[in-house]
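Let me give you the structure first, and then I'll get to my questions.
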Amino acid sequence: MKNVILTGGSSGIGKAILEILKSEGFNVINLDIKKNNNSFYLKTDLSNLNDIKKSFIKIEKKFGKIHALINSAGVTFSGNIKNYSIKNWNKTVLVNLTAPFFLSQLVSKNMIKNRIKGSILNITSIGAELGFPDNPAYQASKGGLKNLTKALAYDLSKYGIRVNSLAPGYTETAMNKKSFLNKTLRKKRAERSMLRRWGKPKEIAETAFFLISEKSSFTTGQNFVVDGGWTVKGF
């Protein structure tokens, strides 16, 4: 059975990914601040590198080999650039960018040591592709994660380790609850998509599964946008 570390597996897209992986026979290790009873769980504050390291040591001790990593956890704090708080900036960058780098570093060392040609997947956002208002830290962190994916793919290719990223469009999750419950915003964002609707977490999760499975064995360094056509829509 293959061991997969997944961050943010207790809600939203992460939870949908966890459920698909479990159904496909993977052993999922969920790192999150809240519990999901459907997998092995370690309460982990992803804004704290010491907490991440402690969790990883426990994982290695219990499971040994790691075959895949999915960095799905993310935070967002809206605010205008004129008065955006440094506290929110720092936490966003820590969770959305630094934690994925640190975990990728830890996991890739495990893969190299055990001669595993594994897979790493980073969940970014269409916020890494386009400009959106009043959320500078989220966009910067997701844009950085997109390019970190390319750097990791290059550096780890010599070991047969693949690294890709997946950019969801607007999806029906708790993170987007406020705008989804606003009928005006929900409709406006649905119409911006070619498919004229929001995405479902399972639709994002299906692509995530493809990207860490052997079905994508010749794919690395790529960014997959799953947004119903939002980012390529013209008039």
Side-chain angles (χ1 to χ4, degrees), residues 8 11-17 20 70-82 84 88-89 92-93 95-97 100 119-154 162-213 215-235:
S11 62
I13 290 171
K15 183 179 179 181
I17 293 172
I20 283 181
I70 302 177
N71 290 302
S72 178
V75 296
T76 181
F77 302 101
S78 60
N80 189 271
I81 184 66
K82 292 184 292 184
Y84 199 85
N88 285 347
W89 173 275
T92 304
V93 172
V95 174
N96 295 2
L97 182 57
S119 178
I120 296 172
L121 177 63
N122 295 316
I123 306 298
T124 63
S125 165
I126 57 172
E129 312 298 319
L130 301 170
F132 288 88
D134 299 327
N135 209 332
Y138 185 78
Q139 289 193 250
S141 63
K142 291 299 187 177
L145 188 58
K146 177 184 175 181
N147 261 19
L148 174 63
T149 298
K150 297 176 184 179
L152 292 174
Y154 206 127
R162 301 182 299 108
V163 189
N164 294 288
S165 61
L166 192 168
Y170 275 92
T171 310
E172 296 177 30
T173 65
M175 182 179 282
N176 293 319
K177 183 178 180 180
K178 186 176 179 180
S179 55
F180 186 76
L181 292 178
N182 182 313
K183 291 183 180 180
T184 302
L185 285 177
R186 186 197 311 173
K187 182 180 179 184
K188 182 178 180 181
R189 290 173 180 174
E191 290 179 347
R192 182 63 181 82
S193 159
M194 285 184 183
L195 298 181
R196 301 177 68 82
R197 65 176 178 85
W198 289 50
K200 305 283 187 183
K202 186 178 180 181
E203 293 175 306
I204 311 301
E206 293 282 6
T207 305
F209 168 67
F210 166 75
L211 289 171
I212 67 146
S213 73
K215 296 177 185 295
S216 60
S217 57
F218 195 53
T219 302
T220 194
Q222 301 304 309
N223 180 55
F224 286 71
V225 181
V226 185
D227 67 350
W230 180 301
T231 52
V232 296
K233 185 177 180 181
F235 288 115

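On a predicted model such as this, the values are computed, not experimentally measured, just so you know. Along the sequence shown, residues carry numbers from 1.
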request  = Mind checking the CD-CD1 spacing from Glu206 to Ile204? Nearest 0.5 Å is all I need.
outcome  = 10.5 Å

query = Are any non-hydrogen side-chain atoms of Tyr84 and Trp89 less than 4.5 angstrom apart?
reply = yes

key: Close side-chain approach of Val225 to Trp230, heavy-atom, < 4.5 Å   = no

message = Any side-chain to backbone donor/acceptor pair from Gln139 onto Gly127? Under 3.5 Å, distance only.
response = yes

request  = Compare all side-chain heavy atoms of Phe224 with those of Thr219 and state whether any distance is below 4.5 angstrom.
outcome  = yes

query = NZ/Lys215 to CZ/Phe209 distance, rounded to the nearest 0.5 angstrom?
reply = 6.0 Å

key: Distance-only polar pair, side chains of Thr149 and Asn122, donor-acceptor under 3.5 Å   = yes

key: Steps toward side-chain contact (heavy atoms from CB on, under 4.5 Å) verdict (Ile120, Arg162)   = CA-CA 6 Å; Ile120 296 172; Arg162 301 182 299 108; over 6 Å; no

request  = For residues 135-154, pull every pair meeting salt bridge (Lys or Arg N to Asp or Glu O under 4.0 Å), keeping only residues two or more places apart or in separate chains.
outcome  = Glu129-Lys146

ask   = What's the spacing between Ile20 CD1 and Ile212 CD1 if we round to 0.5 Å?
value = 10.0 Å

Residues Asn223 and Ser165: side-chain donor-acceptor under 3.5 angstrom = yes

query = Going by heavy atoms in the side chains, are Leu166 and Val226 under 4.5 Å from each other?
reply = yes

task = Measure the spacing between CG of Asn88 and OH of Tyr138 and express it to the nearest 0.5 Å.
result = 14.5 Å

key: Short side-chain to backbone donor-acceptor contact, Ser141 and Val93, under 3.5 Å   = no

Nearest-0.5 Å distance, CG of residue Leu211 to CG of residue Leu121 = 5.5 Å

task = Can you see which heavy atom on Asn96 is nearest to which on Ala73, and at what distance?
result = OD1-O, 4.3 Å

key: Asn71 and Ile123: CA distance, side-chain angles, deciding distance, side-chain contact (heavy atoms from CB on, under 4.5 Å) verdict   = CA-CA 6 Å; Asn71 290 302; Ile123 306 298; over 6 Å; no

ask   = Would a distance-only check, ignoring hydrogens and angles, find a side-chain to backbone donor-acceptor pair under 3.5 Å from Gln222 to Thr220?
value = yes

query = Where is the tightest heavy-atom contact between Gly228 and Ser193, given as atom of each residue plus distance?
reply = O-OG, 2.9 Å

query = Are side-chain heavy atoms of Val232 and Met194 found at a separation under 4.5 Å?
reply = yes

Thr92 side chain reached by Thr76 side chain, heavy atoms, under 4.5 Å = no

ask   = With a 4.5 Å limit on heavy-atom distance, are the side chains of Phe77 and Asn135 in contact?
value = no

4.5 Å side-chain heavy-atom contact, Pro168 and Ile13 = yes

task = Would you indicate whether Lys200, at its atom NZ, is surrounded by more than 12 heavy atoms from other residues, nucleotides or ligands within a distance under 6.0 Å?
result = no

message = Given 3.5 Å as the limit, does a donor-acceptor pair link the side chain of Thr171 with the main chain of Gly169, or not?
response = yes

key: Minimum heavy-atom distance between Gly12 and Pro201, given as atom pair plus value   = O-CB, 4.0 Å

key: Atom of Leu145, atom of Pro100 and distance for their closest heavy-atom approach   = CD1-CB, 3.7 Å

key: Separation of Glu203 CD from Asp227 CG (nearest 0.5 Å)   = 11.5 Å

inquiry  = Can you confirm whether Phe132 is buried at CZ, in the sense that more than 12 heavy atoms of other residues, nucleotides or ligands lie under 6.0 Å from that atom?
reply    = yes

